[in-house]
Amino acid sequence: MKKTTLINGDTIFCINSLEAQMLHEHITGYFDDFINLEQSDTILDIGANIGILGLELSRKYPMINIHSFEPIDDIFSVLKANTVLSNNKNFKSYNFGISDKSESIELTYFPNAPALSSANDEIWNSKEDLIEAFDGSMQNAPSNWWWKKFIPKFTYAFFVKNLIRNKKKITCNLKPLSKVIEELSLKKIDLLKIDCEGNEHKVINGINKQNWSIINQLIIEINDIDDRLKYIENKLKKLGFKIKIIQEPALEKTNLYNLFAKK
């Protein structure tokens, strides 16, 4: 299994080393004064990918409780390896996704860019959208990517073509979040993180009314298609959450936003 070294010096398992480093850069943007965590907290990581959030939280809080969900087998195997690497016995992984009902669905998996994998093909409507996103990532890449200045923009199309090459359709299992809360006998969720490539509104809709009382904070990456950002923002405000919305510099030319919420 491939490994890579993050900017903080940690070596982790990965599928694409550069993507893993960029994901770590993305995750570190979650930690500011808005979201507050403690050692005994319980975290649900929906769309965990290879587990970088769990690794980072385990480094900061070695005994924190983390439940990570990843439906794609190839990615899940790396997530599982990283849970062991974390040395946090409370960092657990599950090989299914979260939605608004129990079902099996077809996803598009990109072996060269696992983070792009999704059941929602409308997220990346064109190669031009991907090139814009790639440009943003290069302009805001980790500081140790010293070589990025030597890559001319006219080559970005070539890199994007390689990222989406060899894509394949796979079938994955999903469950509603309220069913998972019941199965795991969860009494509190200190942070619910959702990053599932266009399926975030279904995750929200799969939470029963009574379960909202145990959810204290959320971080959601939202693909603002069909006004989903406003829909989720309004729903959370009605439930009593304070909201902060940002768009990372690397994502300014995309429809991707990070929504932070806390009671």
Side-chain angles (χ1 to χ4, degrees), residues 15-16 18-32 34-35 44-53 56 68-72 75 97-99 107-110 112-142 145 148 153 156-157 159-160 163-164 167 191-205 217-237 241 243-261:
I15 296 175
N16 180 315
L18 294 182
E19 180 182 86
Q21 293 171 23
M22 196 69 208
L23 285 173
H24 181 259
E25 189 83 358
H26 171 68
I27 290 297
T28 55
Y30 290 171
F31 304 107
D32 60 13
F34 193 84
I35 298 295
L44 266 62
D45 187 358
I46 312 300
N49 200 279
I50 62 172
I52 289 181
L53 176 63
E56 188 68 16
S68 297
F69 303 87
E70 174 53 53
I72 299 175
I75 303 176
I98 306 296
S99 188
L107 282 77
T108 302
Y109 173 53
F110 296 93
N112 297 331
L116 295 179
S117 303
S118 173
N120 300 278
D121 292 337
E122 74 269 24
I123 293 175
W124 304 112
N125 288 319
S126 67
K127 189 177 293 185
E128 286 71 29
D129 292 336
L130 280 168
I131 292 172
E132 291 279 15
F134 185 84
D135 182 23
S137 295
M138 292 298 290
Q139 299 305 316
N140 297 275
W145 287 16
K148 65 182 180 181
K153 287 190 176 184
Y156 286 2
F159 287 105
V160 165
L163 289 177
I164 60 177
K167 67 180 181 179
L191 175 63
L192 172 60
K193 172 258 183 179
I194 305 170
D195 183 358
C196 46
E197 304 303 322
N199 213 38
E200 55 277 352
H201 61 301
K202 291 186 177 180
V203 175
I204 292 295
N205 291 338
Q217 300 178 110
L218 300 97
I219 299 175
I220 312 174
E221 182 179 283
I222 298 176
N223 294 273
D224 193 19
I225 301 167
D226 299 328
D227 216 19
R228 290 176 189 171
L229 177 62
K230 182 58 66 176
Y231 170 77
I232 293 175
E233 179 186 7
N234 289 341
K235 184 177 182 68
L236 293 177
K237 283 182 175 179
F241 287 91
I243 306 294
K244 182 176 81 168
I245 298 171
I246 65 169
Q247 189 172 39
E248 297 175 32
L251 302 175
E252 285 179 351
K253 296 180 180 180
T254 73
N255 291 321
L256 298 174
Y257 295 84
N258 287 335
L259 183 148
F260 300 80

What I'd like to find out is whether the side chain of [X] reaches to under 4.5 Å of the side chain of [Y], using heavy atoms alone.
| X | Y | value |
| --- | --- | --- |
| Glu233 | Lys237 | yes |
| Gln217 | Leu192 | no |
| Ile220 | Ile46 | no |
| Leu256 | Glu221 | yes |
| Leu163 | Phe110 | no |
| Lys235 | Ile204 | yes |
| Asp135 | Lys153 | yes |
| Leu53 | Ile27 | yes |

Taking [X] for its side chain and [Y] for its backbone only, find out whether a donor-acceptor pair lies under 3.5 Å.
| X | Y | value |
| --- | --- | --- |
| Glu19 | Ala115 | yes |
| Lys167 | Asn112 | no |
| Asn199 | Lys202 | no |
| Asn205 | His201 | yes |
| Asp32 | Phe34 | yes |
| Asn16 | Leu18 | yes |
| Glu56 | Thr28 | no |

Practice item. Assign the ring pair Phe159 / Phe134 to parallel, tilted or perpendicular, where the plane angle (0 to 90°) is split at 30° and 60°. Key: parallel

**Study point:** Pair Tyr231, Asp224: side-chain N/O donor-acceptor within cut-off below 3.5 Å
**Key:** no

Practice item. Check the pair Gln247 / Asn258 against side-chain hydrogen bond (donor to acceptor under 3.5 Å, both in side chains), numbers first and verdict last. Key: CA-CA 6 Å; Gln247 189 172 39; Asn258 287 335; over 6 Å; no

**Study point:** side-chain contact (heavy atoms from CB on, under 4.5 Å) evaluation trace for Glu200 with Asp195
**Key:** CA-CA 7 Å; Glu200 55 277 352; Asp195 183 358; over 6 Å; no

Straight-line distance of [X] [atom1] to [Y] [atom2], nearest 0.5 Å:
| X | Y | atom1 | atom2 | result |
| --- | --- | --- | --- | --- |
| Gln21 | His26 | CD | NE2 | 15.5 Å |
| Leu236 | Leu218 | CG | CG | 6.0 Å |
| Tyr30 | Leu191 | OH | CG | 9.5 Å |

**Study point:** CA sep, side-chain torsions, deciding dist, call: Leu229, Ile222, side-chain contact (heavy atoms from CB on, under 4.5 Å)
**Key:** CA-CA 6 Å; Leu229 177 62; Ile222 298 176; 3.6 Å; yes

**Study point:** Distance-minimising heavy-atom pair for Ala48 and Ser68
**Key:** CB-CB, 3.6 Å

**Study point:** Heavy-atom pair with the smallest gap, counting every atom of Ile35 and Ala261
**Key:** CD1-O, 4.2 Å

Review point. Applying the side chain to side chain contact (heavy atoms under 4.5 Å, CB included) test to Pro114, which of Ile75, Ile72, Leu23, Ile50 qualifies?
Key: Ile75

Review point. Does Lys244 make a cation-pi contact with Phe260 (under 6.0 Å, within 45 degrees of the axis)?
Key: yes

Practice item. Decide side-chain contact (heavy atoms from CB on, under 4.5 Å) for Ile98 and Cys196; before the verdict, give the C-alpha distance in whole Å, the side-chain angles of both, and the deciding distance to 0.1 Å. Key: CA-CA 9 Å; Ile98 306 296; Cys196 46; over 6 Å; no

Point to revise | Ile246/Tyr257 under side-chain contact (heavy atoms from CB on, under 4.5 Å): CA gap, chis, key distance, verdict | key: CA-CA 6 Å; Ile246 65 169; Tyr257 295 84; over 6 Å; no

